[in-house]
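Everything below concerns the one structure shown next.
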Amino acid sequence: MANEEYGSKEIASAAIRIALTNDRTTEKKLQQEFLQTGINTAAVDYGGEFISSVMKIVERAVVSSKREGVISESHAEQGAVAGATREAISQIMPKAIGLNVGGKIGIARYKDHVSVAVFFGIGLLNLNEVSIGLGHRVV
């Protein structure tokens with residue numbers, strides 16, 4: 001299966017699957033499964049007030065991608081993750097403005113395809129809406 005070619009659909013699916021993991025053990029197991037097929041992944045939890053946190057969310061996505069070896073230190077690769085993350089955030093913005101968010105950011109890469117999925121609970125206390133935003137870039 002490692003020789004199979006993957007496109008944007010499969011990489012977006014990988015980012016979503018990583019973002020939906022419930023705990024670090026499951027996340028690490030899924031990362032290893034993806035790695036065996038040539039797909040690099042990273043994930044990071046996030047929570048806070050939405051508007052004041054947008055840049056922190058983007059920063060966390062870039063930093064975790066570098067830490068997990070999904071991207072290198074190059075401007076182009078960091079910019080691709082930042083841009084895909086901003087796109088994903090913009091998709092949940094209408095629901096999240098003025099509220100708190102909490103959840104996980106999933107990043108997946110195969111060759112030149114990079115996808116970022118943000119899976120957040122949005123709201124106050126236990127009165128949450130859930131939402132997924134998804135962005136894709138080519139590096």
Side-chain angles (χ1 to χ4, degrees):
M1 197 165 169
N3 293 331
E4 187 174 335
E5 288 295 314
Y6 300 109
S8 54
K9 179 181 175 184
E10 292 81 12
I11 304 314
S13 175
I16 292 168
R17 287 182 60 199
I18 285 291
L20 292 175
T21 56
N22 289 328
D23 55 55
R24 290 285 178 221
T25 304
T26 307
E27 176 188 308
K28 292 300 178 190
K29 182 180 175 193
L30 188 57
Q31 280 183 299
Q32 285 302 313
E33 289 175 24
F34 281 133
L35 195 55
Q36 291 174 358
T37 65
I39 300 171
N40 291 318
T41 57
V44 62
D45 295 323
Y46 192 76
E49 197 280 320
F50 180 75
I51 292 174
S52 64
S53 301
V54 170
M55 287 315 298
K56 290 178 190 169
I57 294 167
V58 173
E59 185 177 284
R60 280 192 157 200
V62 172
V63 168
S64 67
S65 296
K66 288 193 300 188
R67 182 184 64 235
E68 295 291 328
V70 175
I71 61 170
S72 70
E73 294 282 334
S74 81
H75 264 12
E77 292 185 8
Q78 291 179 46
V81 170
T85 305
R86 296 261 319 162
E87 172 61 28
I89 291 168
S90 74
Q91 294 168 10
I92 66 167
M93 192 176 299
K95 289 182 179 183
I97 288 179
L99 298 172
N100 290 319
V101 297
K104 191 179 281 191
I105 306 158
I107 303 106
R109 179 179 186 179
Y110 178 76
K111 295 185 178 178
D112 58 352
H113 293 280
V114 177
S115 286
V116 177
V118 293
F119 174 70
F120 287 149
I122 303 166
L124 300 167
L125 302 171
N126 63 344
L127 306 171
N128 286 341
E129 179 69 60
V130 292
S131 189
I132 294 178
L134 182 64
H136 176 266
R137 294 291 185 273
V138 175
V139 177

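Keep in mind the model is a prediction, meaning the values are calculated, not measured.
A salt bridge links R24 with E27; the closest basic N to acidic carboxylate O contact falls under 4.0 Å. Between R17 and E10 there is no salt bridge, since no side-chain N of the basic residue sits under 4.0 Å from a carboxylate O of the acidic one.
Taking the six-membered ring where the residue is Trp, H136 and H113 present tilted rings, their angle falling between 30° and 60°.
Both L134 and V130 belong to a single network of hydrophobic side chains, linked directly or stepwise wherever heavy atoms of I, L, V, M, F, W or Y lie under 4.5 Å apart. If you chain together hydrophobic residues whose side chains sit under 4.5 Å apart, L35 and I71 never meet in one group. One hydrophobic cluster, built from ILVMFWY side chains closer than 4.5 Å, holds both F120 and I97. If you chain together hydrophobic residues whose side chains sit under 4.5 Å apart, I57 and L20 never meet in one group.
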So F119 and I16, side-chain contact (heavy atoms from CB on, under 4.5 Å) or not? Walk me through it.
CA-CA 8 Å; F119 174 70; I16 292 168; over 6 Å; no
Decide yes or no on side-chain contact (heavy atoms from CB on, under 4.5 Å) for V118 and I132, but give the supporting numbers first.
CA-CA 5 Å; V118 293; I132 294 178; over 6 Å; no
For a side-chain contact (heavy atoms from CB on, under 4.5 Å) check, start with the C-alpha distance between I39 and Y110, then their side-chain angles and the critical distance, and finish with the verdict.
CA-CA 5 Å; I39 300 171; Y110 178 76; 4.2 Å; yes
Between E33 and L30, is the side-chain contact (heavy atoms from CB on, under 4.5 Å) condition met? List the steps.
CA-CA 5 Å; E33 289 175 24; L30 188 57; 3.8 Å; yes
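How far CG of N128 is from CG of L99: 9.0 Å, rounded to the nearest 0.5 Å. Between F50 atom CZ and M93 atom CE the span is 4.5 Å, to the nearest 0.5 Å. Taken from OG in S115 to CZ in R109, the straight-line distance is 11.5 Å, to the nearest 0.5 Å.
Listed for the E129 side chain is no donor-acceptor partner under 3.5 Å among the backbone atoms of I122. At least one donor-acceptor pair closer than 3.5 Å links the side chain of R137 to the backbone N or O of G83. Proximity of a side-chain donor or acceptor of S53 to a complementary backbone N or O of K56 within less than 3.5 Å is not detected. Side-chain atoms of K104 do not come within 3.5 Å of backbone N or O of A43 as any donor-acceptor pair. Side-chain atoms of R86 do not come within 3.5 Å of backbone N or O of A88 as any donor-acceptor pair. One N or O on the side chain of S65 and one on the backbone of A61 form a donor-acceptor pair closer than 3.5 Å.
Listed here is the closest heavy atom pair of V101 and A96: CG1-CB, 3.9 Å. The shortest non-hydrogen separation linking I89 to V58 is CD1-CG2, 3.9 Å. Residues I18 and G106 share a closest heavy-atom pair of CG2-CA, 4.0 Å. Looking at every heavy atom in both residues, S64 comes nearest to I107 through OG-CD1, 3.6 Å. Nearest approach of T41 to E68, heavy atoms of both residues: O-CB, 3.8 Å. The shortest heavy-atom contact between A117 and A19 is O-CB, 3.9 Å.
For the 3.5 Å distance criterion, the side chains of Q32 and K29 fail to qualify, holding no donor opposite an acceptor.
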